[in-house]
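Since the structure comes first, as structure tokens, the remarks are kept for the end.
For the numbers below, each heavy atom of this structure counts, side chains included, while hydrogens, waters and symmetry mates do not. No experiment lies behind these values; they were computed from the predicted model shown. Indexing begins at 1, ligand by ligand and atom by atom, following the structure's order.
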Amino acid sequence: MRQIIIDTDPGQDDAVAIMLALASSELKVLGITTVAGNVPLELTERNALMICEAAGFPNVPVFRGNAEPLKRKLITAEHVHGKTGLDGMKLFEPTIQLQSTSAVDFIINTIRKHNSNTITLCPLGPLTNIAEALTKAPDIAARIQQIVLMGGAYFEVGNVTPTAEFNIFVDPEAAHIVFRSGVPITVLPLDVTHKVLLTDERILRIASIGNQMGREVANMASFFERFDKEKYGSNGAPLHDPTVIAYLLYPEIFSGRFINVEIETQSELTRGMTVADWWGVTDRVANAMFIGDVDSDQFFEILIERLSKLP
Ligand code: BDR
Ligand code: CA
């Protein structure tokens with residue numbers, strides 16, 4: 001069983017990613033670490049607790065992470081996710097509580113206490129916590145099995161500025177640290193997530209699973225797809241973060257290239273751009289498996305099958 005830590009800023013698509021992981025017996029979710037991103041930290045924490053409780057996993061520990069990026073002011077995305085971050089879902093006050101250890105210490109301690117190469121980190125938001133852990137405890141870099149993250153873009157370029165994807169844009173300094181860390185990295189960029197579209201037909205299938213989580217996912221999808229459909233003119237909103245979990249489960253439905261990826265931190269114009277050497281036009285050393293394609297029908301088959309295992 002693969003042991004993972006999910007670092008997240010829920011976010012409707014983060015919520016679906018967490019549900020997918022919890023519903024998958026091939027994965028053991030050791031903990032969920034929260035970070036500010038889509039909405040401020042008080043909300044991402046509450047949302048993570050709420051999702052674990054609603055999905056029937058109240059014992060998965062949830063940790064408090066960073067409320068601000070390393071060097072910048074926080075930028076949030078209520079215009080996409082709504083005021084709460086989980087608009088569309090039936091919200092309630094979670095009864096489970098945050099752990100007292102910080103997210104960063106939990107990440108460090110967990111990696112140190114398990115055998116080397118047995119822990120995978122799954123960041124679904126800005127990379128602030130991961131960068132802080134790598135900076136505070138450089139010894140963990142050599143012990144992490146893999147970092148599989150949602151962020152960045154090459155062919156799709158940007159969603160929050162013309163040249164940057166939200167997670168990398170919010171904390172480019174953190175992303176720079178992570179991409180330079182030497183840890184094996186797999187990136188699920190917009191190039192992939194923009195192919196995983198929540199069409200009306202797929203939302204209907206999710207709603208028709210007949211369980212509560214299926215209905216919640218369908219309702220959340222209907223909420224944020226209004227915004228994305230208008231923005232992209234596509235026939236459905238992209239479901240970004242669950243691609244990370246689907247990649248862990250079925251890497252064979254994805255394809256990509258092992259290339260060099262650098263993060264723009266200097267220019268205000270292109271802040272947070274993932275400068276991905278897809279065509280191999282530099283001699284910079286490859287540092288990331290950059291995914292470019294996915295079989296989206298297969299992706300939704302997997303998602304629907306897993307969601308049906310939840311309450
Ligand atoms: C990413 O930003 C957030 O809005 C989503 O949760 C996803 O992690 C997509 O750019
Ligand atoms: Ca996210």
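No part of Thr193 comes within 4.0 Å of ligand 1, judged by heavy-atom distances.
One finds the OG1 atom of Thr128 at 8.5 Å from the CG atom of Leu74 (value rounded to the nearest 0.5 Å). Distance check: Thr161 OG1 to Arg271 CZ gives 9.0 Å after rounding to the nearest 0.5 Å.
Between Glu301 and Arg306, no side-chain nitrogen of the basic residue sits less than 4.0 Å from a carboxylate oxygen of the acidic one, so the salt-bridge criterion is not met.
Contact atoms of ligand 1 toward Leu124: 8 (O) (distance under 4.0 Å to a heavy atom of the residue). Listed by number with element, the atoms of ligand 1 under 4.0 Å from a non-hydrogen atom of Glu165 are 1 (C), 2 (O), 9 (C), 10 (O). Here is the list of ligand 1 atoms found below 4.0 Å of a heavy atom in Phe166: 2 (O), 3 (C), 10 (O). The Asp13 neighbourhood of ligand 1 comprises atoms 5 (C), 6 (O), 7 (C), 8 (O), with distances under 4.0 Å to a heavy atom of that residue.
At least one heavy atom of His81 sits closer than 4.0 Å to an atom of ligand 1. The shell of residues lying under 4.0 angstrom from ligand 1, judged by heavy atoms, excludes Val80.
Applying the side chain to side chain donor-acceptor pair (under 3.5 Å) test between His81 and each of Asp14, Asn47, Asn38 identifies Asn38 as the sole match.
Of the possible donor and acceptor atoms, one in the side chain of His114 sits under 3.5 Å from a partner among the backbone N and O of Thr110.
Considering backbone and side-chain N/O atoms, Asn38 comes within less than 3.5 Å of an N/O atom of ligand 1.
Pro189 is listed as a side-chain neighbour of Phe290, based on a closest heavy-atom distance under 4.5 Å. Using a 4.5 Å heavy-atom threshold, the side chains of Thr95 and Glu53 count as touching.
For Asp9, the N, O or S atom with the smallest separation from the Ca ion (ligand 2) is OD1. The nearest N/O/S atom of Asp241 to the Ca ion (ligand 2) is OD2.
Atom CZ of Arg202 sits in a crowded spot, with more than 12 heavy atoms from other residues, nucleotides or ligands closer than 6.0 Å.
Taking 3.0 Å as the criterion, Pro10 does not count as a coordinating residue of the Ca ion (ligand 2), since none of its N, O or S atoms falls below it.
In this structure, atom 8 (O) of ligand 1 lies nearest to the protein heavy atom Asp241 OD1, 2.7 Å.
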